[in-house]
Number of protein chains: 2
Amino acid sequence: MATKFSRQRQAIWDFIKDRTDHPTAEAVYLGVKSACPNISLGTVYRNLMLMRDTGMIRTVEVGDGVIHFDPNTTDHNHFICTNCGKVIDIDGGDVEAIKQEAAAHFTGRIQGYSAYFYGLCPDCTKSAATKTTE
Amino acid sequence: MATKFSRQRQAIWDFIKDRTDHPTAEAVYLGVKSACPNISLGTVYRNLMLMRDTGMIRTVEVGDGVIHFDPNTTDHNHFICTNCGKVIDIDGGDVEAIKQEAAAHFTGRIQGYSAYFYGLCPDCTKSAATKTTE
DNA sequence: ATAATAACAGTAATCGTTACTGATTAAGAG
DNA sequence: CTCTTAATCAGTAACGATTACTGTTATTAT
Ligand SMILES: [Mn+2]
Ligand SMILES: [Mn+2]
Ligand SMILES: [Zn+2]
Ligand SMILES: [Zn+2]
């Protein structure tokens, strides 16, 4: 009889649960405005962090100074476009193998792991190509 | 005839050039105080960022909300202790192999890469062991 | 030594995030 | 269906790391 499922929390969950684009708190806030017109940014942060702490979602920090949120809690890597900033999943990589590789060169005990790959995303690669040809 | 090498910049470089502990700007600021008693934190930031932009050092963002600085600009991975926060180099891993592995599962062009491993560092593993035995 | 300007110290501003506070409201009990 | 109460809220203030501004200082070339 502890946790109440408020309308705001439900709206935030509905918004993020199927996302694959790793929105920021600000983006969630804007996206949830239609369902909850006067929700506050603090409420969005509080709920997102609570969802992280209870394992419903995970946070992704890609180095742009902003926290991104990800409903996909399975082990996977991320690609960040240096041109447009998009954060894209890299599925199917052998995460365990990478962990083993690093463990072989370190004396401590490795528990978690997160990797970020940088470069031009498919979209930006395409527009860079059209720009050079014209 | 553009860049002047100030006493402050020299002191910052002398402080960081052989470090392997990935100090923050605040730590560099404190460490450089003996050589430059009234240097300002802004000067430390400006110079560290300038050194990064010119490739003398690199920045390391491990997810603790603070930028760490690293004079080792060669490709290498990092380990972050979840207990004490230390940032430790993992040398000798096959960085290229990891990049290839990820590239195989992604359609964009991967240029850079950085990985962070989390767990208990050797020191904290040791003290955790003594605590359980006593 | 002098001039030109890169770089400085000090301080104010920015921005993402967190903490506080009095008002709502979801959910279990009767 | 009320009633109670504690979880959650909206609004706003505070926070901490980083960046920007401004008038002064000091490095470098002449
Ligand atoms: Mn993801
Ligand atoms: Mn390093
Ligand atoms: Zn892109
Ligand atoms: Zn440790």
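Keep in mind that what you see is a predicted model, and the values were worked out from it rather than measured. Quick note on labels: first sequence line is chain A, next is B, and so on, each numbered from 1.
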Between [X] and [N], does any side-chain N or O lie under 4.0 Å from OP1 or OP2?
| X | N | answer |
| --- | --- | --- |
| A/Q8 | C/dT24 | no |
| B/S6 | D/dT27 | no |
| A/T43 | D/dA10 | yes |

For the pair made of [atom1] in [X] and [atom2] in [N], what is the distance, rounded to whole Å?
| X | N | atom1 | atom2 | answer |
| --- | --- | --- | --- | --- |
| B/I12 | C/dA7 | CD1 | P | 12 Å |
| B/Q10 | D/dA26 | CD | P | 17 Å |
| A/L41 | C/dG16 | CG | C1' | 9 Å |
| B/D64 | C/dG16 | CG | C1' | 15 Å |
| B/N47 | D/dT27 | CG | C1' | 14 Å |
| A/D53 | C/dT18 | CG | P | 10 Å |
| B/L48 | C/dA7 | CG | C1' | 15 Å |
| A/Y45 | D/dA10 | OH | P | 15 Å |

Among C/dT17, C/dA26, C/dA4, the one nearest any side-chain atom of A/K4 is C/dA26
Apart from B/V66 itself, its cluster of hydrophobic side chains linked below 4.5 Å comprises none
Is it true that a side-chain atom of B/R58 and a backbone atom of B/T74 form a donor plus acceptor pair closer than 3.5 Å?
-> yes
Look only at the side chain of B/R9 and the backbone of B/M51, and say whether a donor-acceptor pair between them is shorter than 3.5 Å.
-> no
Would you call B/F69 and B/I67 a side-chain contact if the rule is heavy atoms closer than 4.5 Å?
-> yes
B/E101: partners by side chain to side chain contact (heavy atoms under 4.5 Å, CB included), with sequence neighbours left out = A/D94, B/H105
Quick one: list whatever passes side chain to side chain contact (heavy atoms under 4.5 Å, CB included) with B/L41, sequence neighbours left out.
-> B/E26, B/Y29, B/Y45
Results of salt bridge (charged side-chain N to carboxylate O under 4.0 Å, His left out) for B/D14 - residues two or more places apart only = B/K17
Parallel, tilted or perpendicular, as decided by the 30° and 60° cut-offs, for the rings of B/H22 and B/H76 = tilted
Considering heavy-atom distances to DNA chain C, does A/E26 or B/R7 have its closest nucleotide positioned more toward the 5' end?
-> B/R7
Around A/R109, counting heavy atoms of other residues, nucleotides and ligands shown, do more than 12 lie under 6.0 Å from its CZ?
-> no
Sugar-phosphate means primed atoms, P, OP1 and OP2; the rest is base. With that split, encode nucleotides 10-15 of chain C 5' to 3' as B, S or - using protein heavy atoms under 4.0 Å.
-> B-----
Are A/Y113 and B/F117 an aromatic pair by the rule of ring centers under 6.0 Å?
-> yes
Tell me what A/R9 touches on the nucleic acid: a base, only sugar-phosphate, or nothing, going by heavy atoms under 4.0 Å.
-> sugar-phosphate
Nearest-nucleotide comparison on DNA chain D, the residue closer to the 5′ end among B/H68 and A/F5 | A/F5
How sharply is the helix from C/dA1-D/dT30 to C/dG30-D/dC1 bent, taking the axes over five pairs at either end and rounding to 10 degrees?
-> 40°
